[in-house]
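Each chain gets a letter, A, B and so on, in the order its sequence line appears, and its residues count up from 1. Keep in mind that this is a model prediction, so the values were computed, not measured. Just so it is clear, the values below take in all heavy atoms, side chains as well, and ignore hydrogens, waters and symmetry mates.
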Amino acid sequence: MSMGTQPTTYWETEPHHHEDGASTGIGFWVYLMSDCLMFAVLFATFGVLHGSYAAGPGPKDLFDLELVAINTAMLLFSSITYGFAVLAMSQDRKAATLRWLGVTLFFGLSFLAIELYEFHHLIHLGAGPQRSAFLSAFFTLVGTHGLHVAFGCIWLVTLMVQVARYGLIAANQRRLMCLSLFWHFLDVIWIGVFTIVYLLGMI
Amino acid sequence: MSAHTNNNHAHGSHRGYLTGFILSVILTAIPFGLVMSGGLDSRILTVAIVVGCAIIQVLVHMVYFLHMNSHAEEGWTLLSTLFTVVIVMIMIAGSLWVMFHLNTNMMPQMNHDIPLESLP
């Protein structure tokens, strides 16, 4: 080891230069996984409390599967229309991208409207979150999912304004891909919700 | 250039989205149809079909909509997902298991089943 004149070890004083947004994909994915853990806790809570009716109404008295089926269809349609938006984006077709994002927003808002109607209907029946542990767990789990969809819709509007104003620049493409993951992820969570909360409750 | 082809892969294809959509519709229609028509005679079998369809549909969504594969982000996407799945399983199965035993062992009604003489 030569001491003094020539150092043998170099410490990098400048940070690595990464391509702008190169780590966004994995970073956003890790966020989604942590969100998934939060939903897992809510599912576990619902699983533990699903039979605690406190002599109140149960799933068979409350749920309307036709409404849930329509809601599921809304979310499924919104998933494929978002997919078409991403395809239009990759072909650099701005107008088509905006159109498909608009259709996705319509389906997302329809989902929220139907869910709010359902919640309103349940609370009107006296089956609000304070009625029993089962209903507290139900409103927390389904409500948290609905809240995610609501924020997804806000994000969607924001990105539509961004794309309309600045076009399909690299930053906007990256943001659209993040929202794509978020949107499809919410659809995956909804599969768990309609299976565990609604279908298994009605069997 | 390689980044560009990578991007195209991450965006999926028209055919991929349609395949995923059609499979999802089928896998949603089966459990809904089954439960709405009153279910099979065997409750266990009905539950198994409903849960089975859900698991397959989650996988369909992951492959066709979320475009998951073993080489995205050098495998870190898959690895973090597998880690999450393990934690989720432990959390859900553990909670249900512990709380089920807590309920069966601590329900006040349980005392009714035990003859008073047998109590110490």
At their closest point, which heavy atom of [X] faces which heavy atom of [Y], and how far apart are they?
{"X": "B:Ile92", "Y": "A:Ala40", "value": "CG1-O, 3.7 Å"}
{"X": "B:Arg43", "Y": "A:Leu200", "value": "NH2-O, 4.4 Å"}
{"X": "A:Leu199", "Y": "B:Pro31", "value": "CD1-CB, 3.6 Å"}
{"X": "B:Ala54", "Y": "A:Thr195", "value": "CB-OG1, 3.3 Å"}

Within the structure provided, determine whether [X] and [Y] are in side-chain contact (heavy-atom separation under 4.5 Å).
{"X": "A:Val188", "Y": "B:Phe65", "value": "no"}
{"X": "A:Phe43", "Y": "B:Val88", "value": "no"}
{"X": "B:Met36", "Y": "A:Met202", "value": "no"}
{"X": "A:Trp29", "Y": "B:Ser80", "value": "yes"}
{"X": "A:Val48", "Y": "B:Phe100", "value": "no"}
{"X": "B:His61", "Y": "A:Leu76", "value": "yes"}
{"X": "A:Ile80", "Y": "B:Leu18", "value": "yes"}

For the [atom1] atom of [X] and the [atom2] atom of [Y], what is their distance to the nearest 0.5 Å?
{"X": "B:Thr77", "Y": "A:Leu32", "atom1": "OG1", "atom2": "CG", "answer": "10.5 Å"}
{"X": "A:Leu37", "Y": "B:Phe83", "atom1": "CG", "atom2": "CZ", "answer": "7.5 Å"}
{"X": "A:Ile26", "Y": "B:Glu74", "atom1": "CD1", "atom2": "CD", "answer": "9.5 Å"}
{"X": "B:Ile87", "Y": "A:Ser34", "atom1": "CD1", "atom2": "OG", "answer": "12.5 Å"}
{"X": "A:Leu65", "Y": "B:Phe32", "atom1": "CG", "atom2": "CZ", "answer": "6.0 Å"}
{"X": "A:Ile191", "Y": "B:Leu27", "atom1": "CD1", "atom2": "CG", "answer": "8.5 Å"}

State whether the number of non-hydrogen atoms from other residues, nucleotides or ligands found under 6.0 Å of [X] atom [atom1] is greater than 12.
{"X": "A:Asp61", "atom1": "CG", "result": "yes"}
{"X": "A:Tyr31", "atom1": "OH", "result": "yes"}
{"X": "A:Gln91", "atom1": "CD", "result": "yes"}
{"X": "A:His124", "atom1": "NE2", "result": "no"}
{"X": "A:Ile154", "atom1": "CD1", "result": "yes"}
{"X": "A:His148", "atom1": "NE2", "result": "yes"}

Chain A contacts, top residue of B:Thr81, B:Leu34, B:Val25 (heavy-atom pairs, under 4.5 Å):
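The residue among B:Thr81, B:Leu34, B:Val25 with the greatest pair count is B:Thr81.
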Under a 4.5 Å cutoff for heavy-atom pairs, which residue among B:Ser24, B:Gly20, B:Gly94 has the most contacts with chain A?
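Result: the option with the highest number of such pairs is B:Ser24.
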In terms of heavy-atom pairs under 4.5 Å with chain B, which of A:Phe39, A:Phe77, A:Tyr198, A:Phe185 leads?
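Highest number of heavy-atom pairs under 4.5 Å: A:Phe77.
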Just so I understand: if I count every heavy-atom pair under 4.5 Å between each of A:Gly192, A:Gly83, A:Ala44 and chain B, which residue has the most?
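That would be A:Gly83.
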Could you go through the side chain to side chain contact (heavy atoms under 4.5 Å, CB included) check for A:Val86 and B:Tyr17 one step at a time?
CA-CA 10 Å; A:Val86 167; B:Tyr17 277 113; 4.2 Å; yes
Region of A:Phe194 that comes under 4.5 Å of a non-hydrogen atom in chain B
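It is the side chain, since no backbone atom gets that close.
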Less than 4.5 Å to any heavy atom of chain A: does that hold for the side chain of B:Val98, its backbone, both, or neither?
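Neither part.
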So, do A:Phe84 and B:His14 have ring centers that fall under 6.0 Å from each other?
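Distance test on ring centres: under 6.0 Å, yes.
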